[in-house]
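Data first, discussion second: the structure below is written as structure tokens.
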Protein chains: 2
Amino acid sequence: MFRRLIESLEVLGPLTSGEREAVESLGAVSRPFAPGAELVAEGDAPAHCRLLLEGQAFRHRTLADGRRQIMSFHTPGDMIDLEGLFLPMDHGLTALTAGEVLHLPHARLLDLMDSHPRVGRRFWTMTLKDAAIFREWILNIGRRTAYVRIAHLFCEVVVRLQRAGLVDNGRCAFPITQQHLSDATGLSAVHTNRTLQALRGEGLLSLRGGELVVLDWPGLQAAGEFDSSYLHLRESAA
Amino acid sequence: MFRRLIESLEVLGPLTSGEREAVESLGAVSRPFAPGAELVAEGDAPAHCRLLLEGQAFRHRTLADGRRQIMSFHTPGDMIDLEGLFLPMDHGLTALTAGEVLHLPHARLLDLMDSHPRVGRRFWTMTLKDAAIFREWILNIGRRTAYVRIAHLFCEVVVRLQRAGLVDNGRCAFPITQQHLSDATGLSAVHTNRTLQALRGEGLLSLRGGELVVLDWPGLQAAGEFDSSYLHLRESAA
DNA sequence: CGAACAGTTGATCAGGATCAACTCGAGTGG
DNA sequence: CCACTCGAGTTGATCCTGATCAACTGTTCG
């Protein structure tokens, strides 16, 4: 049950057996969810953090008039509301697929991190990596064209799904609608549709029936001006 | 010297005298900087964190062809490269004004946080608030028009400068060029110029000679669709 | 006095938004 | 089993926000 979490924590280097045991003895409850389920609502002040065990989810905020902005996508192994440990949620999290989350009580988490500072740092680092991704999105939306922007987003998603072991020969489940894509890139649905056709036309990818297939990975990276270093995939530190 | 830092840490509630002393005994060196100075370069892996004691700075990344995106502005009391504690810097920090930073060695910081977990959480929370601001910028750039976007940015800056005690009767030092403004909002310099004229024309603000004057605060907030809750100005937690 | 840079203006262009209609497939209910 | 609905995707036509290009002003500073 804690495999995903331990793996995420150990990206920065192995934990001691004591640390691993401490993590595994967090009183945790696993909960299934359905596609479209609201995992965390805007304004919530949750009493536990959620670890995404299986499935995909996204972070978003909606304006009064209905315009929506997606701020990140999440894959298994991600803590999706760690910030809720200290701040009320200023955005929501919604399930993209069916899946499962593990609920980790705040009190237990805080105790764990107090007694195992190194583990605390790993959790902190997770939120720092999320922040790095937010910054990349600011750049992506602020300074790149629709074509590059969408390609870049797909690159990121594929790399992160790959890291979670969910890409098989360029194919992965990624059941977003074009509306989701628009809301993530700050574009209109119509223009997203046309830009997607261009990407398909270049033979870079296919997206049908909830399945994303990368047909030309170098080409897609080039189209997205993608450099994965902001994902900090294998940093050593602390 | 540590007044700013203690204040920032105590936004979430007072520290104990022991915690305060521990913070104040961090071996810290203060360094002045000039306007335009590069405080942290992209790619750096610094050995200490910087606390902005005085002056303003901004976080940014530059693409190969020269397009630049500013990701945040910073005011006194901000830790500007806390993420450097665990990750190499994937962006740079540049001074907007003259000022002063305090260098806090990583090793000492980590020791402090290990022995005083509550203080560690406060630092962590600082980075979480930064992340909340990044998310707001994603929304701002992705889903708002130029006019609203720029007004929103000014609202944020004013609120943060106010919190740092740097706003006097709606007036504050904010020496950005229109190019900076464009790079922060993802707009062209020309369009930024025209949009600024519109904001001035509505009698909302004035920006001249490095001084920002808010002439109509309710009007500016309305123009920027601004709701400060994402800044988490007075959260109680942990 | 003359760079050099920030700001301003006008003219034109284009990327992407908007509006509207239509297709298609998957349910769903009669 | 078929008609209906509904959501997602697609297409065309038009509009407009904001980009681009270029020239010019004003100020500061060496």
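Predicted model, so just to flag it, every value in this text is computed and none were measured. Labels below follow one simple rule: chain letters A, B, ... track the order of the sequence lines, proteins then strands, and each chain is numbered from 1.
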Exercise. Using rotation axes that map the C1' atoms of four end pairs onto the next four (five pairs an end), what angle separates the end axes of the helix from dC1(C)-dG30(D) to dG30(C)-dC1(D), to 10°?
Worked result: 30°
Exercise. In B/S/- notation, 5' to 3', how is nucleotides 15-22 of chain C contacted by protein heavy atoms closer than 4.0 Å?
Worked result: -BSBB---
For this session: Check the distance between dT25(D)'s C1' and R208(B)'s CZ and give it to me in whole angstrom.
Result: 16 Å
Exercise. Does CZ belonging to R171(B) count more than 12 external heavy atoms closer than 6.0 Å?
Worked result: no
Exercise. Taking it one step at a time, do R135(B) and D130(A) satisfy salt bridge (Lys or Arg N to Asp or Glu O under 4.0 Å)?
Worked result: CA-CA 10 Å; R135(B) 286 191 297 268; D130(A) 280 344; over 6 Å; no
Exercise. Does F134(A) have its ring centroid less than 6.0 Å away from the ring centroid of H91(A)?
Worked result: no
Seminar exercise, completed: In whole angstroms, the gap separating P of dG18(D) from CG of L181(B) amounts to 14 Å
For this session: Quick one: closest heavy-atom pair of G77(A) and S8(A), and the distance?
Result: O-OG, 2.7 Å
Exercise. Between R143(B) and E225(B), is there a side-chain N and carboxylate O pair less than 4.0 Å apart?
Worked result: no
Scan nucleotides 5-7 of chain C against the protein and return all N/O pairs shorter than 3.5 Å with their distances rounded to 0.1 Å.
from: dG7(C); atom 1: OP2; to: Q178(B); atom 2: N; distance (Å): 2.6

For this session: Give, for atom CZ of R68(A) and atom OG1 of T94(A), the distance between the pair rounded to the nearest 0.5 Å.
Result: 7.0 Å
Problem set entry | pair D183(B)-F58(B): side-chain heavy atoms closer than 4.5 Å | no
For this session: Rounded to the nearest angstrom, tell me the gap between atom CD in Q197(B) and atom C1' in dT25(D).
Result: 13 Å
Listed pairs under 3.5 Å, donor-acceptor, residues 38-47 of chain A side chains, sequence neighbours left out:
from: D44(A); atom 1: OD2; to: A41(A); atom 2: N; distance (Å): 3.2

Exercise. Hey, what do you get for CZ (R144(B)) to OG1 (T185(B)), rounding to the nearest 0.5 Å?
Worked result: 12.5 Å
What pairs of nitrogen or oxygen atoms, one from the protein and one from nucleotides 27-30 of chain D, lie under 3.5 Å apart?
none

Exercise. Is it true that R4(B) and E100(B) have a side-chain N and a carboxylate O under 4.0 angstrom from each other?
Worked result: no
Problem set entry | Flag if over 12 foreign heavy atoms under 6.0 Å of CD, E54(A) | no
Exercise. Name the one of T195(B), T177(B), T192(B), N193(B) that satisfies side chain to side chain donor-acceptor pair (under 3.5 Å) with S182(B)?
Worked result: T192(B)
Seminar exercise, completed: So ring-ring contact (aromatic ring centres under 6.0 Å, His included) across residues 32-53 of chain A, not counting sequence neighbours, yields H48(A)-H103(A)
